[in-house]
Amino acid sequence: MTVRVRFAPSPTGKPHVGNIRTAIFNWLYARHRGGKFILRIEDTDRERYSPEALKNLLETLRWLKLDWDEGPEVGGEYGPYFQSERLDIYHRYAQELVDNGYAYYCTCSKERLDRIRKEAEAKGLPPRYDRHCRELGIKGNPTDTDKVIRFKIPLEGTTTFHDEIRGDIRFENKSLDDFVILKSDGFPTYHFANIVDDHLMKVTDVMRAEEWIPSTGKHILMYRAFGWEPPRFCHLPIILGADRSKLSKRHGAVDVLEYRNMGILPEALLNFLTLIGWSPGTEQEIFSTEELIRLFDKDGINPASGVFNLDKLVWMNSEYIHKMDDEKLLEKLTPLIHQRGWSGFSREYLIHIVSLMKTRMRLLNDFVELAPYFFEEPTQYDEKGVRKHFKKEGAKKRLNLILRAFDRLGNFNEETTEKAIRALAEETGTAAKFFIHPTRLAVTGMTFGPGLFEILATLGKQKSISRIKRAVEFIEKNCEIC
RNA sequence: GCCGCUAUCGUCUAGUGGUUAGGACACCGGCCUCUCACGCCGGCAGCAGGGGUUCGACUCCCCUUAGCGGUACCA
């Protein structure tokens, strides 16, 4: 039978790296086995629902190139794929459970529930529903707004399921609650909708976050009540923040699209996230998506939760940037260049700058942060640099020597500029770096970057000279010692 | 509280009874060099604790501890 897995997010907020990692594992597994990846929207909580969240979710999946075979916008033969459009299905199956004695209507008020919960807590007992309505035989309809339907947990015995990466897990039925399967607003709860849909959509493998382990016992009991064969279960480790608690806002960026904004490539994020909780058993770190599909399988999944390490993500991103060819990289950079309002530069010029900057970039955004001087005049000089290279005995004199030498240059390129400066160093008996550093600061405003002669050649004679002249004026105005 | 999951360098991990416990990120040296980055070379650093089982445990079992999760008409 062909593998069918699903990613079933709830559209209530921005897609979180933890949720998306679950999507990635499901997607990789489906692609590895040549199966189907189903996207199902669990929008059964009307209070937390947000249309914006759905939009962000689809955008995130598309950005990461996690395509789905069935689900929103693509359809499929087991739809609808929005749970809010399947209410009649849940009603039918919930009523079936009631009719067969596996579930019951409950009219307990919110107030009563709160009260018994508080009482139980006060006595140090587990806060559980007291099964008040279990044997009352209350009649009703799934659409009744004054009732819920609860599942009847067997009073005795144990329920066991096999987790494919953790082994057998067992629960005492006594520890399970008569949980609600259909809410008074007519919507199902997660537990119920989840198993009905997984069954109806012929899901073969449930791969979800480990926070679902404690409720899997309930799910198994429902499968049994329906007489359905449960899917295989595999509970995935979760992603933690630096302090080892569940990753959240206070750990910094958690929304996947924030990483896009920061200049992370989707391939790098996919690679990175896959390697939290999964390993192919080799020492390879960088994988193309095709390789991941080929190598990914359940047996490489680590049961322990892992910490999200931004440094490593950034390193990985730099590996992708460095390996990318200049044309491809320029394509990724073009929107950022436009954002800065830089236009009118030839493709040839841009490609050249990309080639100069590539090994210096770790994030896409670094390009515009680290090399603005290729696009506009420096508006200020690095403060430390000024102290080190401008406020120095003879700095002005050396820049003036350079101006004179450059002015005489017919061909202004890497070789001729370097030759000129080294010659000056020789003549004046000064180390070349005392010419190089102030010149760099003069033309870029910065103290670091590509080789100076590459910069000069790229900028050209006219811009180089005018920028050095401006620096000389700056020195005259601001530095007494020279 | 109760239930459950987990446990190898700071972090991500390899390891499935016999290894000098391997790799990667980060960090620290060095080389290269006009700076920065890349690259290369080297270094620091780990089996949570205690009991078993075994000729032999990082590896298997139990307990403890710690971390995390669940305990809703949220998912």
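Below, chains carry the letters A, B, ... as their sequence lines are ordered, and counting in each starts from 1.
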Quick one: which of A:D197, A:D205, A:D198 gives a salt bridge (charged side-chain N to carboxylate O under 4.0 Å, His left out) with A:R6?
A:D198
To the nearest angstrom, how far is [X] atom [atom1] from [N] atom [atom2]?
{"X": "A:H389", "N": "B:C36", "atom1": "NE2", "atom2": "C1'", "result": "11 Å"}
{"X": "A:E285", "N": "B:A24", "atom1": "CD", "atom2": "C1'", "result": "4 Å"}
{"X": "A:E414", "N": "B:U33", "atom1": "CD", "atom2": "P", "result": "16 Å"}
{"X": "A:L57", "N": "B:A75", "atom1": "CG", "atom2": "C1'", "result": "14 Å"}
{"X": "A:D45", "N": "B:A75", "atom1": "CG", "atom2": "P", "result": "5 Å"}
{"X": "A:H91", "N": "B:C73", "atom1": "NE2", "atom2": "P", "result": "18 Å"}

Once you apply a heavy-atom cut-off of 4.0 Å, does A:G449 come out as touching a base, just sugar-phosphate, or nothing?
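Counting heavy atoms under 4.0 Å across all strands, the contact made by A:G449 includes a base.
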Is the phosphate of [N], meaning OP1 or OP2, less than 4.0 Å from a side-chain N or O of [X]?
{"X": "A:R244", "N": "B:C12", "answer": "yes"}
{"X": "A:R117", "N": "B:C73", "answer": "yes"}
{"X": "A:K218", "N": "B:A72", "answer": "no"}
{"X": "A:T44", "N": "B:A75", "answer": "yes"}
{"X": "A:R362", "N": "B:A37", "answer": "no"}

Paired with B:G18 by Watson-Crick or G-U wobble geometry, both distances under 3.5 Å: which nucleotide is it?
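Base partner found: B:C55.
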Using heavy atoms to find the nearest nucleotide of RNA chain B for A:I165 and A:R422 separately, return the residue whose nucleotide is more 5′.
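Closest to the 5' end, via its nearest nucleotide, is A:I165.
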Which comes earlier along RNA chain B counting from the 5' end, the contact point of A:E319 or that of A:I276, where each point is its nearest nucleotide?
A:I276
Is the A:Y90 to A:F187 ring centre distance short of 6.0 Å?
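They do not qualify: ring centres at least 6.0 Å apart.
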Pair A:K118 + A:E121: basic N to acidic O under 4.0 Å:
no
For B:C3 and B:C60, measure between their C1' atoms and round to the nearest Å.
26 Å
P-based separation of B:U13 from B:U8 [nearest Å]:
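The same atom, P, in both gives a distance of 9 Å.
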